[in-house]
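One structure is given below, encoded as structure tokens.
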2 protein chains.
Amino acid sequence: MQLRMTNQREIILRELKKSKAHLAADELYDLVKKIMPRISLATVYRNLEILSEAGLIGKLEISGRQKRFDFDVSDHDHIYCTVCHRVDNLNIERKGMDSEQLGAEVGYTITGYRVEIIGICPDCQKKGKKMEKKQ
Amino acid sequence: MQLRMTNQREIILRELKKSKAHLAADELYDLVKKIMPRISLATVYRNLEILSEAGLIGKLEISGRQKRFDFDVSDHDHIYCTVCHRVDNLNIERKGMDSEQLGAEVGYTITGYRVEIIGICPDCQKKGKKMEKKQ
DNA sequence: CTCCGTGCAAACGATTTGCACTATG
DNA sequence: CATAGTGCAAATCGTTTGCACGGAG
């Protein structure tokens, strides 16, 4: 099964990288549609899946919501806003965590791990304060 | 808004605790239906939400499609099997992680964080080996 | 007797799939 | 020219909601 670099695949990849954000499929679809108006949402889904399997982008399965896709494939963690569901990158020093050993204790073979910090992003904090005043 | 301890709520809570597992709503629904056959799936969803808001159970919004609910409300992390989607408890020493400070660096107000180890559980490792032999 | 909770069915949002057609390598 | 990829619509999966009725406090 070889990958063909189709026009739609190329644009999807390029627009995600260009956005420098952690977009969900439908958000990226809106961007890509501006360039290629007849593209289908299914194609965006299919390609995001394929590109992440190929290691060209990252897949973020956070919080049982929409999957988001990461333009940055280097090793890093994420911080998640519970209000607007935005995701930002984070650099955590992962000292003192031996995931292999922890997994071994419960009989698991470890393939990776994920640290996710949860909070409220700067924008939503501002909006929250406005709301308070109104009420 | 006070909580009423209805029959269905009591059974849902009891069966989750009894299972000692991280069940998804439909799995718990199957269990509870054996005891109260006319219960509706919507009731299970509503109660799981309410019980987790009340702090009587934990809600897990980790990888995978479904939310899972935790019989154990004490502070701990989780390990997730990518093959069967099962979740187990884990005790990680969270040394060397100052989530407050990390959040502050990107302007977030932190409400919590989540560490999730990802791998393949003992059962699926066994099954995997069987599959290999067959092929 | 007051509302919170329930069952049911329908609605919903995100994602996937079957199909016939298109176009890459 | 074989076969991976596409667009479209319908299907699916997990979850939520509106509504009229039922039962806990």
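Order of the sequence lines sets the chain letters (A, B, ...), proteins ahead of strands, with each chain counted from 1.
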So, with a heavy-atom separation below 4.0 Å from DNA chain C, the residues of residues 6-37 of chain A are none

To the nearest angstrom, the NZ-C1' distance between Lys59(B) and dT15(D) comes to 11 Å

Angle between terminal axes - the helix from dC1(C)-dG25(D) to dG25(C)-dC1(D), 5 pairs each end, rounded to 10°:
40°

Which nucleotide in dT15(C), dG7(D), dT15(D) has an atom nearest any side-chain atom of Tyr45(A):
dT15(C)

Using whole Å, report how far CE of Met5(B) lies from C1' of dC4(C).
13 Å

Taking atom C1' of dT16(D) as reference, at what distance in whole Å does atom CZ of Arg46(B) sit?
9 Å

Please report, to 0.1 Å, the donor-acceptor pairs under 3.5 Å made by any side chain of residues 78-86 of chain B, with sequence neighbours excluded.
unit_1, atom_1, unit_2, atom_2, d
His78(B), NE2, Asp70(B), OD2, 2.9
His78(B), NE2, His76(B), NE2, 3.0
His78(B), NE2, Asn89(B), OD1, 3.4
Tyr80(B), OH, His85(B), ND1, 2.8
Thr82(B), OG1, Gly119(B), O, 3.4
His85(B), NE2, Arg65(B), NH1, 2.5
Arg86(B), NE, Asp88(B), OD2, 2.8
Arg86(B), NH1, Asp123(B), OD2, 3.3
Arg86(B), NH2, Asp88(B), OD2, 3.1

Heavy atoms, side chains only, cut-off 4.5 Å: are Glu53(B) and Glu49(B) in contact?
yes

Leu41(A) and Ile11(A): same hydrophobic cluster, using ILVMFWY side-chain contacts below 4.5 Å?
yes

Sub-4.5 Å side-chain heavy-atom contact between Leu51(B) and Leu16(B)
no

Considering only dA4(D), dT15(D), dG7(D), which nucleotide approaches the side chain of Arg4(A) most closely?
dA4(D)

Nearest heavy-atom neighbours spanning Gln125(B) and Gly107(A):
NE2-O, 2.9 Å

Could you tell me the separation between the CG atom of Leu41(A) and the P atom of dG7(D), rounded to a whole number of Å?
11 Å

Every protein N/O within reach of nucleotides 9-11 of chain D N/O, cut-off under 3.5 Å:
none

With nearest nucleotide decided by heavy atoms, which residue, Arg68(B) or Arg38(A), maps closer to the 5′ end of DNA chain D?
Arg38(A)

Under 3.5 Å, is there any donor-acceptor pair linking the side chain of Arg65(A) to the base of dG13(C)?
no

So that I can tick it off, tell me whether Glu61(B) and Arg114(B) are bridged by a salt bridge, with the cut-off set at under 4.0 angstrom between side-chain N and carboxylate O.
no

For dT16(D), take OP1 and OP2 only and decide whether either is under 4.0 Å from a side-chain N or O of Lys67(B).
yes

Side-chain ion pair, Lys18(B) and Glu15(B), N-O less than 4.0 Å:
yes

Could you tell me if the side chain of Arg9(B) sits less than 4.5 Å from the side chain of Ile50(B), heavy atoms only?
yes

Sorted by first residue and then second, give each ring-ring contact (aromatic ring centres under 6.0 Å, His included) pair with at least one member in residues 42-74 of chain B; sequence neighbours left out.
His22(B)-Phe71(B)

Leu102(A) and Asn91(B) have their tightest heavy-atom pair at CD2-O, 3.7 Å

With the side chain defined as heavy atoms from C-beta on, Gln66(B) is closest, among dT15(D), dC8(D), dG7(C), to dT15(D)

Please list every donor-acceptor pair under 3.5 Å in which a side-chain atom of residues 26-38 of chain B meets a protein atom from a residue at least two apart or in another chain.
unit_1, atom_1, unit_2, atom_2, d
Asp26(B), OD1, Gln66(B), NE2, 2.7
Glu27(B), OE1, Ala24(B), N, 2.9
Glu27(B), OE1, Arg68(B), NH1, 3.0

Quickly work out the Leu3(B) CG to dG5(C) P distance and round it to whole Å.
6 Å

Look at the side chain of Ile39(B) and decide which nucleotide, out of dT6(D), dG7(C), dT15(D), has an atom nearest to it.
dG7(C)

Start with the C-alpha gap between Ile12(A) and Leu48(A), add the side-chain angles, then the distance that decides, and say whether side-chain contact (heavy atoms from CB on, under 4.5 Å) holds.
CA-CA 8 Å; Ile12(A) 287 167; Leu48(A) 286 172; 4.1 Å; yes

